[in-house]
Number of protein chains: 2
Amino acid sequence: MARNRPRTAAPSQEVALIGRLTQQRAIVLEALMAVEGFVGAQALHNRLTGDGTPVGLTTVYRTLTAFAEAGRADVVRESNGERLFRYRPGPDHRHYLICTGCGLSLPVDSEPVETWAEKIARTSGFANVRHTVELAGLCPDCNQRARGR
Amino acid sequence: MARNRPRTAAPSQEVALIGRLTQQRAIVLEALMAVEGFVGAQALHNRLTGDGTPVGLTTVYRTLTAFAEAGRADVVRESNGERLFRYRPGPDHRHYLICTGCGLSLPVDSEPVETWAEKIARTSGFANVRHTVELAGLCPDCNQRARGR
DNA sequence: ATTGATATGAAAATCATTCCCATCTAGCTT
DNA sequence: AAGCTAGATGGGAATGATTTTCATATCAAT
């Protein structure tokens, strides 16, 4: 058991990018890929524990962090300081519009921002300029729900 | 003692924006205004304590948070999750290029981003869209210093 | 001066995240 | 197939920023 072909992609291949292929990493990865929007490490850990697939919280953190560093996950920061992760199939740099209600994320065309950031980087004299762009709001559904009370 | 006229502006007037005018708030505010770039609450607290103007850490946090909420301070998030504050004289929405070495902040022309963000907000169907844009890098000075080792 | 709403601050509580370290295991090597 | 070891795991303790608690102090209106 445990050789069913995954529906979306092969976690094993992805895991290989960050080191040794272990069961835990595959589990965390699969869970991350199954999530629609952004998730926190703790939430993911809870989900796994609830699903009867216990993985250490530490491992979840390590795996997610490693994946983000490998450029296979996007990271954003909640207003409370929590880090949220999202699996990124492609290697391209992207920005999202995130729903603060449900975590749903919508990739947005960030080309204008990229060029703008590059220009700033070039003209400022600063070295190693990186940028963070986050758009957040209430998606139509959550907005509806919020208005209904 | 403690009735010297501040060099830059009148903290008292600013403080009035967030509630009662107290000595502590004036002190925190004055300290914040005296700082060039962004500062963390703890750093500001240390500075004050060192200066022989002890103010409770709690109060520093409360004051800075209140000020940020009142729109008189900008807030950014460090990679470690720490919040950094910066006094903002005007009420206008601004974005900065921040030096990760020394905290120096350079206001940048963010007009392109604003229009971009507005467009996204309009076309997405999301409500209450807000955006966070952070540019960070090493300022020429810090870069020099970093290279010299 | 009296007074009641606010503000203060030391210590304790939270909370996400990281560290420690004894124990396991993937993936060779023999 | 058994042995080996660098790399991985995970429970619990540690960290570090921020918040809460609550008894005390202070503003500012009366």
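Protein chains get the first letters and strands the later ones, always in sequence-line order, with residue 1 at the start of each.
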TODO: For residues A/H131 and B/H95, establish whether the separation of their ring centroids is below 6.0 Å.
DONE: no
- [ ] Please identify each residue that fulfils side chain to side chain donor-acceptor pair (under 3.5 Å) with B/T49, with sequence neighbours left out.
- [x] none
Task: Verdict with reasoning, B/R94 to B/S110, per side chain to side chain donor-acceptor pair (under 3.5 Å) - done: CA-CA 7 Å; B/R94 282 204 135 310; B/S110 55; 4.9 Å; no
TODO: Kindly state each residue pair satisfying ring-ring contact (aromatic ring centres under 6.0 Å, His included) with at least one member in residues 36-80 of chain B, sequence neighbours excluded.
DONE: B/F38-B/Y96
TODO: Could you check B/T59 against A/R62 and say which one's nearest nucleotide on DNA chain C is further toward the 5' end?
DONE: B/T59
TODO: Between B/R20 and B/R77, name the one whose nearest nucleotide on DNA chain D is closer to the 5' end.
DONE: B/R77
Task: Residue met sooner reading DNA chain D from 5', once B/G19 and B/F85 are mapped to nucleotides - done: B/F85
Task: Non-neighbouring partners of B/T100 that pass side chain to side chain donor-acceptor pair (under 3.5 Å), sequence neighbours left out - done: none
Open item on the list: For DNA chain C, report each stem as range with range, ordered by first number, or say none. Use Watson-Crick or G-U wobble pairs under 3.5 Å, at least 3 in a row.
Closed with: C:1-30 with D:1-30
TODO: Select base, sugar-phosphate, or nothing to describe what B/T22 touches, counting heavy atoms under 4.0 Å on all strands.
DONE: sugar-phosphate
Open item on the list: Does A/N128, at its CG atom, have more than 12 non-hydrogen atoms belonging to other residues, nucleotides or ligands within less than 6.0 Å?
Closed with: no
Open item on the list: Testing the basics here: between B/L97 and B/A136, what is the closest heavy-atom pair and its distance to 0.1 Å?
Closed with: CD1-N, 3.9 Å
Open item on the list: Going 5' to 3' along DNA chain C, which are the first and last nucleotides with any atom under 4.0 Å from a heavy atom of chain B?
Closed with: C/dA5 to C/dA11
Open item on the list: If you apply the rule side chain to side chain donor-acceptor pair (under 3.5 Å), what do you find for A/T53 with A/R47, and how did you get there?
Closed with: CA-CA 9 Å; A/T53 324; A/R47 190 172 307 207; over 6 Å; no
- [ ] Walk along DNA chain D from 5' to 3' and tell me the first and last nucleotide with an atom closer than 4.0 Å to a non-hydrogen atom of chain A.
- [x] D/dA6 to D/dG12
Task: A/T65 side chain reached by A/R83 side chain, heavy atoms, under 4.5 Å - done: yes
TODO: Please examine the side chains of A/R77 and A/L84, heavy atoms only from C-beta on, and report whether any two atoms are closer than 4.5 Å.
DONE: no
